[in-house]
Each structure stands twice: as C-alpha cells, then as structure tokens.
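Heads up: the structure comes next, in structure tokens.
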Amino acid sequence: LCQGPGFWNIPESESAQAAVLAMKPPCDFELLDPSQFDLACEVLADFADVKSRSTWNHSLLVAETSAAIAERVGLAGPEVTRIRRAALVHDLGKAAIPVGILDKGEALSAEEWESFRLHPYYTERALSRVGPLSGLAADAGAHHERLDGAGYYRQSGGDQIPMGGRIIAVADRFSILSQSGAAPDVGQALSAMKPLIGSAFDADCYEALLAAQGRKTTARLRPRVVGDLTDREIEVLRLVCSGSTNRQIAQTLVLSSKTVEHHLEHVYNKLGVTSRTAAGVFAVQNGLAI
C-alpha cells in the first residue's frame, strides 16, 4: 500500500485523517460503547501518567478531586461526569513532551519551559480531533490558565476560562502540591494555594475544594510496586523499557556491560520474570517506565 502512487502525499494533505481511517481493515468495533467511556478515559490517563514516575496516578487523583469540586459548586450530574472525564485526559499532551523535561519538575530552563507549556495545547488538539472526546477538549486544554491571564497556553483570563477548566486547574494544582515530597501534606497544599485565589484560582472552586476535604476516596488508584528493587536496578529497568541494549545502558549509566548483566539478573529474580518483555510489562504497570 505504501508503495502506491501518491501515498506519501497523504500526511501533508488536509484530509489526512479521513484518508488514513479509510485504510483501516474491517473491524467489528467501530464506536465506543457509552458504558466503556470512563474506562477509556482512565486508560488515556494512565497513558499520560506512566511517562514519568513523578506523575503516577496524578490524572486519577485530579479527576476525583475535580468531580468533588464540581458537585459542591452545584453542577448537575451529567456535567460532573463530563468534567471528571476531562480531568482524566487533561495531561494527555504530556505524551509529546520529552521525559527528561517532565522529570525535572519545575527546575526547567527557558527553552524547556517553552516546550512544557505546550502540553495543554497538545491535549486540546488531540481531543478535538476525536469525535467522542471533542467535548472534553476545551476544559482539558484550559487547566493551566489563570484568572489574571498569566497562565498558558492561551493566556485566557476571567470569564474566557470555562468552568470545567477552572475546576481542573484547582484540582491539578492541589494534587501536585499535596502529593509532592516524602510526606504529602494536604494542609500545606491548601495554604500554598490560598494567596492565589482571585488571581490564579476561582474562589468558588477553592471553597468547594475545602468543603470536599475529608471525603472518602473512591478513585481506583494504581498500586506502585517496585519489587524491592534498588534505585540503580530501577534505572536499569527503565532503560530496558526504552529499548536500550545492555551496552547502551552501560554507556548511559557509566557502568560495565557485565555490571548491567548482574543488575538485570537481580531485577528478573526479584520480579519473578525471565525476559526483558515481562520486566517491561511490570515497569509499565507500576509507573516505572520512561
């Protein structure tokens, strides 16, 4: 097919999406069943979060908090559900950001910051191009906007920011602050956000966040299990997942190839697996993959 005349002109055309979809083989599965919509969004949440160890479970926590805020500001059930789904996929655009930037947190150079601040744009663009998800795009893409217009990527302000975007912005920042560090501190996170009410965050959303504290957690968080791996073994495992050979791992970590072999042997023994593929599956399931 790819050898046919004009095939490689398709990616450059305005109708690329329709042309590519027309090439897919026959399939019984065409449209997402409504009962599977939330599960599909959760899969996308994991896809976004698995790229960096620091963001494991982040989107699930943001979704739960967003739903709690939406309920307490008086939104109707269907709107609460829609905002929860938008929160699940709010960081989908991080798939386009290099993992080295994501792992640096807020210690970014000016160039890295410009790259990072595009992830809401990528989120909104991806969602808007998928029919069933297009209704989530505007809210998901606005999760880093601020009321004073100093946010990103659009630098929208005030009433230009949809309510869903305001809710997810509060939930996102709360999740980041309350889950950071060795000993997460909810009170400290709330205190850090309070001075930003009215400039960055919507006051009603913040008050709803306060009212939601103490609620029972309902999110099905993915367990993080490292199988008693050492930090060095985790580094080796992550590079295995990236497709690096033993020699490349040795060069990256400044080790001998023999030492890498020993580390891999220990990883296999601790995880109870016998192949790189099985070790990679474990890494993905537990948020250790690059």
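Across all non-hydrogen atoms, the minimal contact from G93 to Y122 is CA-CB, 3.7 Å. Residue T245 comes nearest to R276 through the heavy atom pair CA-NH2, 4.1 Å, listed as atom of the first residue, atom of the second, then distance. Minimum heavy-atom separation, V62 to S175: CG2-CB, 3.7 Å. Residues S66 and I83 approach most closely at CB-CG2, 4.2 Å, considering heavy atoms.
Using a 4.5 Å heavy-atom cutoff, the side chains of V267 and K270 are not in contact. Counting only heavy atoms from C-beta outward, the side chains of I101 and L108 approach each other to under 4.5 Å. Residues F174 and F201 fail the side-chain proximity criterion, which asks for heavy atoms closer than 4.5 Å. Using a 4.5 Å heavy-atom cutoff, the side chains of L239 and L253 are in contact. A heavy-atom distance below 4.5 Å is found between the side chains of K94 and F116. Considering only heavy atoms from C-beta on, H119 comes within 4.5 Å of Y152 through its side chain. In this structure, the side chains of T81 and F37 stay at 4.5 Å or more apart for every pair of heavy atoms. Taking 4.5 Å as the limit, some side-chain heavy atom of L264 sits within range of a side-chain heavy atom of V236.
The distance from the CD atom of E111 to the CD atom of E114 is 9.5 Å, given to the nearest 0.5 Å. For the atom pair D172 CG and T65 OG1, the distance stands at 10.0 Å (nearest 0.5 Å). To the nearest 0.5 angstrom, T123 atom OG1 is 6.0 Å from H143 atom NE2. Atom OG of S242 and atom CD1 of I249 lie 7.0 Å apart (nearest 0.5 Å).
Between the side chain of D185 and the main chain of Q188, a donor-acceptor pair closer than 3.5 Å is present.
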Tabulate below the donor-acceptor pairs under 3.5 Å that side-chain atoms of residues 130-142 make, not counting sequence neighbours, or state none.
{"residue": "S134", "atom": "OG", "partner": "G131", "partner atom": "O", "Å": "2.9"}
{"residue": "D139", "atom": "OD1", "partner": "G165", "partner atom": "N", "Å": "3.3"}
{"residue": "D139", "atom": "OD2", "partner": "R82", "partner atom": "NH1", "Å": "2.7"}
{"residue": "D139", "atom": "OD2", "partner": "R82", "partner atom": "NH2", "Å": "2.6"}

Show the atom names and distances, to 0.1 Å, of all donor-acceptor pairs under 3.5 Å that link a side chain in residues 204-214 to residues at least two apart or in another chain.
{"residue": "Y206", "atom": "OH", "partner": "L190", "partner atom": "O", "Å": "2.9"}
{"residue": "Q213", "atom": "NE2", "partner": "L209", "partner atom": "O", "Å": "2.9"}

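Between the side chains of E112 and S115, no donor-acceptor pair is found at a separation under 3.5 Å. Side chain to side chain, S275 and T277 fail the donor-acceptor criterion of an N or O pair below 3.5 Å. Donor-acceptor pairing under 3.5 Å is lacking for the side chains of D91 and S59.
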message: One pair to check against side-chain contact (heavy atoms from CB on, under 4.5 Å): Y268 and T274. What are the steps and the verdict?
response: CA-CA 6 Å; Y268 291 171; T274 58; 5.9 Å; no
task: Could you walk me through whether L44 and L88 pass the side-chain contact (heavy atoms from CB on, under 4.5 Å) test, one step at a time?
output: CA-CA 7 Å; L44 292 175; L88 282 169; over 6 Å; no
message: Between H263 and R232, does the side-chain contact (heavy atoms from CB on, under 4.5 Å) criterion hold? Intermediate values first, please.
response: CA-CA 8 Å; H263 282 311; R232 177 62 83 186; 3.3 Å; yes
message: I'd like to know whether S257 forms a side chain to side chain donor-acceptor pair (under 3.5 Å) with N246, so could you lay out the CA-CA distance, the side-chain angles of the two residues, the decisive distance to 0.1 Å, and finally the verdict.
response: CA-CA 6 Å; S257 294; N246 285 9; over 6 Å; no
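Residues E71 and R84 are not paired through a salt bridge, judged by the lack of any N-O separation under 4.0 Å between the basic side chain and the carboxylate.
No close placement of the H144 and H90 rings is indicated, their centers lying 6.0 Å or farther apart.
Connection of I197 to I167 is established within a shared hydrophobic cluster, with ILVMFWY side chains joined at heavy-atom distances below 4.5 Å, either directly or through further cluster members. No path of Ile, Leu, Val, Met, Phe, Trp and Tyr side chains, each step under 4.5 Å between heavy atoms, connects Y121 with L127, placing them in separate hydrophobic clusters. Using a 4.5 Å cut-off between side-chain heavy atoms of Ile, Leu, Val, Met, Phe, Trp and Tyr, with links allowed through other members, I168 and I176 fall into different hydrophobic clusters.
By the salt bridge (charged side-chain N to carboxylate O under 4.0 Å, His left out) test, E145 is found to be paired with no residue, residues two or more places apart in sequence or in another chain being considered. The salt bridge (charged side-chain N to carboxylate O under 4.0 Å, His left out) test applied to R85 returns D38, not counting sequence neighbours.
Applying the salt bridge (charged side-chain N to carboxylate O under 4.0 Å, His left out) rule to pairs touching residues 147-157 yields E124-R154, R146-D148, sequence neighbours excluded.
Applying the 6.0 Å contact sphere to CZ of R125 captures no more than 12 heavy atoms from other residues, nucleotides or ligands.
I69 pairs with exactly one of L75, V80, V170 by the side-chain contact (heavy atoms from CB on, under 4.5 Å) rule, that one being V170.
Hydrophobic side-chain contacts under 4.5 Å tie L147 into a cluster, directly or through other members, with I161.
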